[in-house]
Amino acid sequence: MDARVAVLASGTGTNLQALMDDPVVGPWVVLVLSDRAEAGALERARARGVPAVFVDPAAYPDRASFDRAVLSELRSHDVRFVAMAGFMRILGPELLRAYEGRIINLHPALLPSFPGAHGVRDALAWGVKVTGVTAHLVDEELDHGPIVAQEAVPVLPDDDWDSLAERIHEAEHRMYPKAVRALVEGRLRVEGRVVRVLEEIPGTGART
Ligand code: GAR
């Protein structure tokens, strides 16, 4: 199995940590890339001895050239799969084409509700009683590709952003490593928008 994974992250990197701690995914994480020099995710990668790369968006004149710089990092580390874990930038068409069907994203709401950069805040403001987390394959539209996994999280009467975000994170740390595992083990079957997750690793007979 060639499952070399790059994790793209802009923030503190708790989901990166969950991926690196996963017994299947962890050993395959060969690169952590961030658009923020001070991202905690880069620190976490270094602490693990995983190459940590900052690609500075300010160094590139437009999104396409930033995108090409990211793509060239992925290629130079022989990356086969990309897991976005709190990466707050939209990937461009060239990169999407190069990694079609092999990029997964994590979103802190039950898509298609509350897409965008503020999934937790928007769910609270709307007054929904249940929100959650989504792992989905990435396509050219924001927070839109076929859904791999979701977990519901209740919104409690006294929740504020911090308390809800904390439970959202707990759900993410449970759900996302399983979804990334299914991707890298070749267990996803996509028909249109619908993703079936196989329990058996193709060609091995091994059950997860
Ligand atoms: C996660 O909650 C993730 O769902 C969210 O950023 C957070 C990163 O946390 N992603 C988005 O909002 C993408 N639209 P982390 O740095 O602790 O993993």
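Predicted, not measured: the structure shown is a model, and the values here were computed from it. Both counts, for ligands and for their atoms, begin at 1 and track the order of listing.
The protein heavy-atom contact nearest to atom 13 (C) of ligand 1 is Met88 SD, 3.7 Å. At the shortest separation from atom 17 (O) of ligand 1 among protein heavy atoms lies Thr14 OG1, 2.5 Å. Summary of contacts: the protein heavy atom closest to atom 6 (O) of ligand 1 is Gly86 CA, 3.5 Å.
At a 3.5 angstrom cut-off on N or O pairs, Asn105 does not count as close to ligand 1. Between Ala117 and ligand 1, not a single N/O pair is under 3.5 Å apart.
At a threshold of 4.0 Å, the pair Arg97-Glu94 does not count as salt-bridged, since none of the basic side-chain nitrogens sits closer than that to a carboxylate oxygen. Checked for salt-bridge contact, Arg68 and Asp62 miss the test: no charged N lies under 4.0 Å from a carboxylate O.
Ring planes of Phe66 and Tyr60: perpendicular class, angle over 60° (limits at 30 and 60°).
Formation of a donor-acceptor pair under 3.5 Å by the Arg121 side chain with backbone atoms of Ala117 is not found in this model. A donor-acceptor pair is defined here as one N or O able to donate and one able to accept, closer than 3.5 Å; no such pair exists between the side chain of Tyr176 and the backbone of Val133.
Within ligand 1, counting atoms from 1 as listed, the ones closer than 4.0 Å to a heavy atom of Gly116 are 14 (N). Ligand 1 places these atoms under 4.0 Å from at least one heavy atom of Thr12: 15 (P), 16 (O), 17 (O).
For the 3.5 Å distance criterion, the side chains of Thr208 and Glu199 fail to qualify, holding no donor opposite an acceptor.
Residue contacts with ligand 1: Gly13 is included, with a non-hydrogen atom under 4.0 Å away. Under the 4.0 angstrom criterion for non-hydrogen atoms, Leu106 is in contact with ligand 1.
Ranked by closest heavy atom to atom 1 (C) of ligand 1, the top entry among His173, Gln17, Glu172 is Glu172. Distances from atom 5 (C) of ligand 1 to the heavy atoms of Pro115, Ala18, Ala85, Pro108 put Pro108 nearest.
Within the 4.0 Å heavy-atom criterion, the part of His169 lying near ligand 1 is the side chain and not the backbone.
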Check against side-chain contact (heavy atoms from CB on, under 4.5 Å), Glu166 and His169: CA-CA 5 Å; Glu166 189 179 327; His169 267 100; 5.8 Å; no
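In this structure, Phe114 and Val128 have side chains that are in contact, with non-hydrogen atoms separated by less than 4.5 Å.
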